Every structure is written in structure tokens, then in C-alpha cells.
Amino acid sequence: MESQGPRFLRLRQVVFFILVALSSYQGVYMMFDILRANGLNLTEMAILVLFAIMFIWLVVSFWNGIAGFLVVAFKRDPWSLKREQPLSEHLDTSRPIALLMPVYNEDTAGVIAGLEATCLSLIDTGKAEAFDVYLLSDSTDPEIAEAERRAALALRRRLAPHLTLYYRHRKNNVGRKVGNLADFCRRWGKRYESMVIIDADSVMGGRTLVRLAATMQADPQLGLLQTVPLPVRSRTLFGRFLQFAATLYSPMLAAGQSAWQGGTANYWGHNAIIRVKAFAEQCGLPTLPGKPPLGGDILSHDFVEAAMLRRGGWRVRLHAGIEDSYEGLPSNLIEFAKRDRRWCQGNLQHLRLVFASGLHWINRLHFVFGALAYAASLLWLCMLALSTVDALRRAIMPVEFFNEGYQLFPEWPQSRVLMIASLLVITVLLLVLPKFLGFVIALFQRPREFGGSVKLFLSATLEIAFSILIAPLMMAFHAWFVLSVLLGRTVSWSSQAREGRLVPWREALRRTAFITLVGFLWGALSYIYAPLFFWWLSPVLLGMVIAAPLVRFTSSLVAGDWLRRHGLLCIPAEIAPPKVLDYLAELERQPLERQPEQTLGQLAEGTPEDEDGRDMLLPEKEYPLHMPIQSLSAPWGLGGSRPVEVEHSSD
């Protein structure tokens, strides 16, 4: 049965952007009124332009949070605005689904444990027969590849006969993850109606997988359904702050996005289900002309794939409901910044696609906002630097009361103290109010899932303080990432370090020394010549000056464990762990190549074997599906739909 589109979507979008426009106009006009009081110079005009860009971006985020709060508070489905209901589990098991995990030089034990936990949870649903599982390796390290093969063979035997696992290793990892998935589609895509994409650190509950597949089957116009993956199982202080914030705020913010984006949502690269036919027909990515970092392979491919699906007439939906959809995250600020560096380059590439032909206007906004997520840091830094220059100029240069000859009355400098205070309060509210609303939702709807009302309040307060401290450091990192991309420095592609570790002092100092030095000099100059401006700037300077201790302390496992023992920064997945995470915890305590009788489930005996397992790891038959490289024509010449020659992977 074909599902209906979202109700009153056009009206929602009109109301949303009218509110954005009115709020933005008010804030920008207030800044203009403040700056023009004593005449606008070039510095102040530049400040106004930068402020306008940043304020509009903040206003969009603010109203998105308000929309999400209204949807979640009244327990409405953001798609239909009807009473919130769980996704259907009416799955036709005769329509096959592929569960794909692409990997690249990952820790084999962690990959297999996460994949097995997901598979065991899927078996528990009684509907595993609809799924085939593929471990798609792009690993370039021969030892890792061989470990994957052995572990995949052992896992295949343990899962049989309920699930079939296939392992494929590519000799040449052309196209990275995009090429990995394209290779699957070209070899076996015709066999499957849809495919669930999970990352090496993803874990998903079986019922969630069934619900995603059932929703895809029920809506023939649906091309992609994205869940909200929540980070879990982090032990460091940094990781616990991030996973608490994501769990508290992300579902509400995702509901807001879904409410006004409708069927033009975004794709985040994993923990999502995609219709194979739609993906193969629409998502063959071109190579951007020019050299990296802004040319070459598109690194942040997920945004572009969502845009191409929507351009092809397929719906792309964001399911904001809380499901068993989990992921890992970098355990410390340094590793987190490394991941952001790659995302920064990919998101800045999207600016070259903003004017590509045929794209939906919301997808163009996704490209702009995705780039702004990183460019905003450079813009904020420039605005603060220009504000410092302007404050120092006014402090050092004498005030001229008579600017014209034969002037009878002096021109007294005007101060907009009340206007400045009002604008500062408004800006703080734009930043903090969505967080407060997320806290209110949790306080009234599920406080026990966070350890109780008191601990929820203390944890939310700690998270806000942490956000304030860490913001200047992340601003500095992101600003440098944007500059390095603009200077032509490309990023290396490597697997992520996800295990918790205490960052050594030497590494922390090396990574943050320049930021700390700039903070000291900036603060000293401001304090000497413009002390009032110094105190206004002090929250930014503090985060920069204590950068190294902040990196070191927040990477502490001891501090993270202490908070957990005292019930702070706890998340629902810790208070009442879902079964899939229980499976994962138990599997991690067992040997990697354990025998079938050592698994959690009572899996059937007599699984097929051969001498070395190599013939068991690929399907006996291929179901090739043509996947062309699509055109993304634009003023920069991105395009030319052309066929692609595919070199089949190694067995």
C-alpha cells in the first residue's frame, strides 16, 4: 500500500522560513543599529556581514529545535503529524534484504562482535530469513584481511542456518566506501529490493531492522529511510559528554528536521535502509574536476546521494523515533577532530554542487548548511578578530568631537548599551534554549531513563558547561581545517581510533600549543588596551588558554568511570541496556574465532563446512545490476553521464 505524503508540508515550510526571516531581520538590524551609531567604517561593515551569515544560521537551528520540541512534546509523528506510532513490523520475508557492513582496516574483533550482536538480535525476531549479511572489506593490510576472512568464516558457521553471511574483499579499494557499495550493487544488487548500510562501529536491533525493511516495502516511493544513530559505550569523559548530549537532544532536533524537510531529508551514511534500484539508478557519483581537496572523489558522499535520490523522484525520509540504532564515536578530542577534518573537506566540496541542475532546493540548503557547520568557525573567528581590531582602535585613538570646520556643537559618541545587552541575550537564547527544551522533554517524558530527575538536571548542567569550555577549541580546529582545505591541503584516509585512551601530555601540548599561544597574546592585548572588551571575550580566551589540559583531562577513562558510578551523564542504553548491546558486551568477552556452541544463541548444529572456507564466503551466483555514473551538470562542468568499467573484486 502506498503511503501518503506528509500533511501540510508546504504550509509547514512557509511558516518555518517566515519565522526564520523575521527573526534574522530583527537580529541583523539590531547589530546594524549598534554599529552605525558612530558611523560605519569598513571594519564594522565586514563585522556586520559576518554576523548576518552566522545569525541566520543560528536562527535556522533555533526554529528547528522549536519545531522538534512541539512535535515531541505533543507526541506527534513529524511525517504525518498524527499520533506517534512505532513503525510497522509487517514484513514480507519473500522480498530479500541485504545487510551490508563496509569495513576498511578496522579492528577485526570489534567489527565481528558488533556484526554478530546485530545478527543475533535479528534472529530473535523470527524474520531473519528475509536478510542476507555481507561483510564488504576494503582493507589494504593483508594481515587484517586474513583475520577478517577467518573471523567471517567462523561467524558464518555460528549464524547458520538462520542467517547467511558473505565476505568479499576487494584488491583495489577504488572509490573508497562509495566504490565498495557500488561494487556490491553491480555484482548482487538485482537480488535485493533494499539494503541496510551499517558502519564498522554500528550496532542495530533486530526489530529496528525489520521495521525499516517493512516501511520500505510499504512505500514504493521511498528511496531511503535514515534513523538517528545514538553514540553508546564510551568510557572517556569526552565520549560520555558527547553521547549524553546526542541522546538528550538529537531525537528532538531530528524531529524538527523531519517536520519541515518532509521527503527531502538527508542521509548520514549509515544506519539507514536504501532501495537498491533507486541507489543504482541515481547514485553513481562522478569525480569532481580538479585536484583534491576540492576536486577528485566526493568524500562526504552521503549528502550527495540523498540529493540525487530526491532528484530522481524518490523520497528520502528521516525517522526521528528512538530505535535501537547505535554507533561508536572517537573517544577523545584529538581523534574527534581528525574525523571532523575529513568531513570538513567533504562538506566544503558540496559548495561546488549547490547549483547543480535538477536538485531540490532543500538539498541545496543541506549543502550550504553542511559547509557552514565548519566554515562557521572561521567566520566566528574572523568576526571576533575584527571586533578586537575595532575595540583596540577605539581604545587607542582619541575621540574627535569636532569633525568639521566651524562646527558649533560637538558630536558626542553614542553608546547602545541596552541594545548590545539585548542582542547578547538573544544570541545566548538562540544557543541555549533548544538544549533547555531537550532537557524539558526528557524531564517530563523519560527521567528514569537518565537516572532520575536530579541526576538528569546535574548531567545537563555539566554538559552545557562542557560545551562552553570546548567550543573555542573546536572553533580553532575547524577554522584551521577550512583554511587548510582552501590552501590545497588534502586529508589522508585512515580508519578511526575508537578505543578509549588517555591522551599523553606531549601529544596534547603539540596539538594545541599554537591555539594556547594565540589565546594568551589575544587576551593580553585586549586586557591592556580594551579591558571591557577583554571580559566580553573571556569565555573564548579561557577555552583556548586551557586547551592542552582540556584535551588531556577529557580523555580520562578514570574520570568517565567516576561519573558513571555516580550516575552522571548516564544514558538510557546504560540504565536499561537493550538486548543487542547485552549481546555485544557478552561477545566482546569471548574469543574472536569461538566455536558455534560458545555463542549466546542456541544455533543449530551441522553447519556446512569445506577445507578452508574460501568457497563459502561469496554467493554462488551473481545478480548484476547496471550502475552508471550520473550527471551533475553545473556551471563548473560537473557532468557527462558515462558508463563505468568495473573490475570485479577478489574472492
Side-chain angles (χ1 to χ4, degrees), residues 61-62 64-76 78 84 86 203 205 227-257 320-329 331 333 336 428-471 500 550 553-554 556-582 585:
S61 301
F62 170 79
N64 184 82
I66 297 297
F69 171 76
L70 294 174
V71 168
V72 176
F74 290 99
K75 298 184 178 180
R76 296 285 160 175
E84 184 182 25
V203 179
T227 66
V228 181
L230 299 177
V232 292
R233 306 178 76 246
S234 184
R235 291 182 53 203
T236 64
L237 187 60
F238 176 83
R240 293 190 62 77
F241 273 118
L242 261 60
Q243 70 184 20
F244 174 82
T247 305
L248 188 61
Y249 309 129
S250 292
M252 184 191 79
L253 298 176
Q257 292 176 19
I322 300 175
E323 300 278 359
D324 288 343
S325 178
Y326 305 108
E327 64 175 343
L329 80 169
S331 62
L333 204 150
F336 187 82
V428 171
L429 284 176
L430 291 177
L431 291 168
V432 175
L433 190 56
K435 286 178 176 284
F436 175 74
L437 295 178
F439 163 75
V440 169
I441 290 289
L443 183 65
F444 284 95
Q445 292 189 356
R446 50 188 187 129
R448 292 184 180 179
E449 296 182 19
F450 291 90
S453 301
V454 173
K455 290 180 179 177
L456 173 61
F457 172 77
L458 293 174
S459 298
T461 304
L462 284 173
E463 190 279 327
I464 290 176
F466 171 76
S467 299
I468 294 172
L469 275 179
I470 205 173
L550 197 60
F553 179 65
T554 58
S556 170
L557 282 83
V558 174
D561 289 341
W562 184 90
L563 285 174
R564 180 170 181 174
R565 286 197 308 271
H566 289 80
L568 297 175
L569 299 179
C570 287
I571 58 175
E574 294 172 333
I575 302 296
K579 195 170 184 180
V580 67
L581 293 184
D582 283 339

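Being a predicted model, the structure only gives us computed values, none of them experimental.
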In the structure I gave you, are the side-chain heavy atoms of [X] and [Y] within less than 4.5 Å of one another anywhere?
X	Y	value
I470	F238	yes
D561	R235	yes
E84	R76	no
L581	R233	yes
F466	T554	yes
S250	L230	yes
C570	R240	yes

Donor-acceptor pairs under 3.5 Å, side chain of residues 439-446 to any protein atom, not counting sequence neighbours: which ones?
residue	atom	partner	partner atom	Å
Q445	NE2	V72	O	3.0
R446	NH1	E449	OE1	3.2
R446	NH2	T247	O	3.3

Side chain to side chain contact (heavy atoms under 4.5 Å, CB included) between F244 and F450, intermediate numbers included: CA-CA 9 Å; F244 174 82; F450 291 90; 3.8 Å; yes

Here's a test for you: under side-chain contact (heavy atoms from CB on, under 4.5 Å), which of L329, I571, V203 qualifies with V232?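 Output: one option passes, namely I571.
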
Short side-chain to backbone donor-acceptor contact, N64 and L253, under 3.5 Å: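 Yes, the answer is positive, given that a donor and an acceptor are paired below the 3.5 Å cut-off.
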
Hey, does the side chain of S331 reach the backbone of G239 with a donor-acceptor pair shorter than 3.5 angstrom?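 Flag not set: sc S331 to bb G239 has no pair under 3.5 Å.
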
Inter-residue atom distance [X].[atom1] - [Y].[atom2], 0.5 Å rounding:
X	Y	atom1	atom2	value
L237	W562	CG	CH2	10.5 Å
H566	S459	NE2	OG	12.5 Å
L569	R564	CG	CZ	11.5 Å
F241	L469	CZ	CG	9.0 Å

Distance-only donor-acceptor hits, side chain of residues 430-437, under 3.5 Å, sequence neighbours excluded:
residue	atom	partner	partner atom	Å
K435	NZ	E463	OE1	3.2
K435	NZ	E463	OE2	3.1

